[in-house]
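Accompanying notes for the structure given below.
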There are 2 protein chains.
Amino acid sequence: MHNIRQIPLFAKLDDASIDKLREISSVHSYNVKEILFYEGDAPIYMYILLSGTLRLYKTNFKGAQIFLHTFRPINLVAELANFESMPYPASAEFSTKGEVMRIDYKKLEENFFKNPDISISIIKSLAAKLKIMSEVITNEVVLTSEGKIAKFLFENEKLFNELKQTQIAALLNITPETLSRTLGKFKKQKIIDSNAANEINIINKDLLSELFS
Amino acid sequence: MHNIRQIPLFAKLDDASIDKLREISSVHSYNVKEILFYEGDAPIYMYILLSGTLRLYKTNFKGAQIFLHTFRPINLVAELANFESMPYPASAEFSTKGEVMRIDYKKLEENFFKNPDISISIIKSLAAKLKIMSEVITNEVVLTSEGKIAKFLFENEKLFNELKQTQIAALLNITPETLSRTLGKFKKQKIIDSNAANEINIINKDLLSELFS
DNA sequence: CGCGCACTTGAACCCCTTCAACGGGCGTGG
DNA sequence: CCACGCCCGTTGAAGGGGTTCAAGTGCGCG
């Protein structure tokens with residue numbers, strides 16, 4: 001069983017509060033590909049991701065998924081929908097097995113929001129999400145495909161060779177073809193090269209970083 | 001002179017706190033088109049917009065401005081940068097004359113963040129901004145031009161006839177040509193029509209709303 | 001009357017996707 | 001051990017949505 005005090009948000013609660021919290025919350029397990037909530041659903045619970053990874057995405061007019069972010073534990077998920085009493089702005093799907101703590105939001109608000117430790121945690125969580133959103137906007141609106149690829153490569157050189165190109169393309173919301181062609185271009189420009197095992201190496205980090213920014 | 005208690009964030013402060021706040025803050029005036037901060041600047045102050053309207057935008061690789069939002073008073077501006085100690089994620093330009101209160105952030109944090117009234121205000125402000133960002137993502141990433149125009153028209157029918165098409169296009173981050181062509185298409189489909197004064201009227205609101213999600 | 005500005009319209013172009021075909025590596029089953 | 005199938009990456013060609021550029025058009029206002 002999870003110890004509630006391991007959740008930073010609740011770390012400093014006294015015993016009575018923890019008991020109260022147990023009353024209004026429960027823990028649920030999910031399997032790979034199960035959906036925690038869909039974009040447009042009305043929120044009742046506030047979710048805290050306890051284990052596993054959760055993939056957040058929006059769906060566009062033709063049904064394609066636009067990847068936004070993957071959450072790792074321990075993290076509040078989509079608290080915005082709770083605070084603003086609005087439908088979830090995106091869908092969340094488990095990309096591994098995982099668990100969430102599910103809390104009756106109304107009761108949480110009534111009982112715990114006066115607590116300054118909790119409100120500071122919430123501020124931090126909101127600020128972190130705002131930062132994520134700001135990066136999503138940079139990636140999806142400001143940068144071209146070339147810029148997105150350059151940025152991802154620059155920031156995740158090691159990860160790049162651990163993932164398949166199809167997976168990277170999905171993270172960047174581009175097609176594998178575009179990724180392949182762009183990498184070919186980078187090789188021609190001597191920004192990167194690849195060895196026999198087809199692993200990619202950055203040769204000119206400065207040139208690479210000029211492509212986004 | 002502005003009464004600090006008119007700022008919701010500080011409405012409930014006691015007199016001593018207000019005095020302290022005056023010490024660490026000052027009010028500054030700006031003219032149309034003056035810049036409050038540029039994307040990438042390091043934040044020192046926290047800004048509260050007291051009067052005027054402030055236009056927030058990002059700049060893409062070819063120098064074009066991507067409009068994000070216009071702020072109206074009274075509102076915290078870009079507090080994210082303060083909380084996360086990161087450069088401003090966007091630029092802010094006055095689109096009218098205006099005033100901001102500028103607060104030394106470090107000192108604000110030291111002296112005022114324990115106050116639960118203030119932290120709840122901040123949570124609300126952050127949540128509101130997160131909602132704005134979420135809408136920006138929907139507009140810019142999920143919707144096509146047609147969808148953006150349909151949505152804007154649906155939600156701002158009156159405003160639509162008060163602004164010039166070039167202004168609307170700028171708000172939607174599309175070219176005036178695309179706007180003109182799309183409106184022409186909507187007229188052909190009998191979704192809208194226009195009178196002698198070239199004012200646009202929605203005929204079929206249902207059809208219009210189907211064009212965005 | 002003529003100028004300026006907003007809107008319109010057409011054509012070329014650009015970036016990226018889509019569709020299709022191909023090739024290479026690797027595991028599995030015969 | 002080879003043959004086959006499959007997955008993944010590559011490459012080409014076409015297409016689509018939007019921008020860019022350029023040339024009208026219409027209208028208000030000095």
Report the relative orientation of the aromatic rings in B:F212 and B:F154; use parallel for angles under 30°, tilted for 30 to 60°, perpendicular for over 60°. perpendicular

Could you state the atom-to-atom distance from CD1 of A:I192 to C1' of D:dG9 in whole Å? 14 Å

Taking NZ, NE, NH1 and NH2 as the nitrogens, is one of them in B:K185 or B:E146 under 4.0 Å from a carboxylate oxygen of the other? yes

Would you call the rings of A:Y105 and A:F113 parallel, tilted or perpendicular if under 30° counts as parallel and over 60° as perpendicular? perpendicular

Find the distance B:K185:NZ to D:dG16:P and express it as a whole number of Å. 13 Å

Is a side-chain donor-acceptor pair under 3.5 Å present for A:S51 with A:E99? yes

Each nucleotide in nucleotides 6-24 of chain C should get exactly one letter: B, S or -. Can you fill that in based on protein heavy atoms under 4.0 Å? SSSBBB----SBBBB----

Whole angstrom value for the distance that separates C1' of D:dG18 from NZ of B:K148: 10 Å

Geometric cation-pi criterion, A:R102 with A:Y47: 6.0 Å, 45°: no

